[in-house]
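First up is the structure itself, then whatever we jot down about it.
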Amino acid sequence: MSVIGGYIKAGDMMEARVLFEAMPMKDLAVWNVMISGYVDVEDLVASVYLLEAMPFHEVGTWNVILSGFCKARDLESAKNCFNKMPCKNVASWTMMVDGYVKSGDLNEARLMFDEMPEKNLISWTTMIGGYAKNGQPRCTLELFEQLKEQGIKPDVTLIIGIISACSHLGILDVAESIINEYIGPSLYSNLHVITSLIDMYAKCGSIEKALKVFHTTLGKDLLCYSTMIAAFANYGLGHEAISLFHDMQRENVKPDGVIFIGVLSACNHGGLVEEGRRFFKQMIEKYDVQPTEKHYACMVDLFGRAGCLQEAHNLITTMPMAPSTVVWGALLAACSVHHNVELAEVAAAELFKIEPDNSGNYILLSNIYASAGRWHDVSNARSMIRSQRVRKNRGSSWIELGAVVHEFVMADDSHMDADDIYCILDFLTEDMKLSYI
DNA sequence: GATATCCTCA
């Protein structure tokens, strides 16, 4: 039995299976070990096969498989499994609720939650936290009220969900009254709670309070620093973020990939191009952190804003992963700000390939053409939308374009001929047209 | 079975 466990820990299911088959007497424990081993290596077919061959009927075993389906985001199989279960407990129900929450189907999660024959604190936390994470703070607080009416006392995990909901809603007052009511001295020593608090204060506009909590915290860990650095970044306080990054290392906390997203975006928001370039290099060479797409997006944006468009484009071409719309979008936006038509065309071409239906890209490109006075190209970009039947997802965009055109025509140095005027007429509102006649 | 940080603004 312990030998089988060893193979399973090492991920060698083949060897474990051979020993398992050779066992003359198999007890419940060894069946469970085998089945959860298969679930861990995501071989759900094998785990179900064993479950069916198993002479025992135990909720725990079914729950292991159920959690496997939920983890794999295969809600249909999970529901099937759930319906077939000879007996269910609170954990089985909660896992289903959690499965729906994680796949973003809050309605289905709530239906399950309401149907539960009995609920415990974990089920409540799952549902409440689910609303919080999926941007439904109102539902979060309503359910929290219901919980209080039932006389259930919230614990740390639940409070974290509530704090997160309040930070999304921007309602510091509600959050603070909850904190006063439930956060006693014991909760203030919990780093999860503290980190959520720092994040909440920062997101709700009170960096002072965030800092106050941060400074009074002993034994700060990586996430604590990470949250504070990201907060500085969002406030445009680049130097403060960087100095905190150095403090962190003095405290022997090792940086990870997420920390660097904070540091790089702090450089970005603070306009610190030189520092950003240096940290990006250091991250890879000194700290051995592999950049993800988010790091690249940050750098492209940083270079783009600073007007180093060529450098931004070069960086994209060196990316080890396929650049997504986020990265190309950052470049296109930067080209718009710095009036670089050539690179804008490159970025736009890539965006058209990846998301041909997004009208925003065509509009941005035609705006760039417009500000360069290239009316024929403007017209072409617009007809691309017509011919490709691109959905217009923002009606106001054409009006913005109209304003760009209007400004251009009004400028004294716009040498437009009749042909140009013809191209732009479409963009103008009736009022604007009248002013040219 | 539930628990905190993470690119961008047109």
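Scope of the values below: all heavy atoms of this structure, side chains included, with no hydrogens, waters or symmetry mates. All figures in this text were calculated on a predicted structure; none of them were measured in a lab. Numbered from 1 within each chain, the chains take letters A, B, ... in sequence-line order.
- Side-chain contact check for A/S379 and A/H376: no donor-acceptor pair (N or O, by modelled atom type) lies under 3.5 Å.
- As judged by a 4.0 angstrom heavy-atom cut-off over every strand, A/I229 is placed among residues making no nucleic acid contact.
- Residue A/V90 is classed as a base contact, given a heavy-atom separation below 4.0 Å to a base.
- The residue A/T227 sits close only to the backbone: its heavy atoms come under 4.0 Å of sugar-phosphate atoms, none of a base.
- Taking 4.5 Å as the limit, some side-chain heavy atom of A/L44 sits within range of a side-chain heavy atom of A/V39.
- Applying side-chain contact (heavy atoms from CB on, under 4.5 Å) to A/Y188 and the options A/L197, A/T217, A/T216 leaves one that passes, A/L197.
- Residues of residues 111-143 of chain A that place a heavy atom closer than 4.0 Å to DNA chain B, in numerical order, are A/N120, A/I122, A/T125, A/T126, A/K133.
- Against DNA chain B, the stretch residues 241-256 of chain A makes no heavy-atom approach under 4.0 Å.
- The minimum heavy-atom distance between A/C87 and A/V59, with the atom names listed, is O-CG1, 3.5 Å.
- Contacts of A/V326 with the nucleic acid, taken as non-hydrogen atoms under 4.0 Å apart, include base atoms.
- Results of the ring pair (Phe, Tyr, Trp, His ring centres under 6.0 Å) test with A/F260 over A/Y296, A/Y287, A/F280, A/Y225 single out A/Y287 as the only residue that passes.
- One donor-acceptor pair, N or O on each side, does fall under 3.5 Å between the base of B/dT5 and the side chain of A/S226.
- The side chain to side chain contact (heavy atoms under 4.5 Å, CB included) check on A/A210 picks up A/I198, A/Y201, A/A202, A/M228, with sequence neighbours excluded.
- For B/dC6, the OP1/OP2 oxygens have a side-chain nitrogen or oxygen of A/K203 closer than 4.0 Å.
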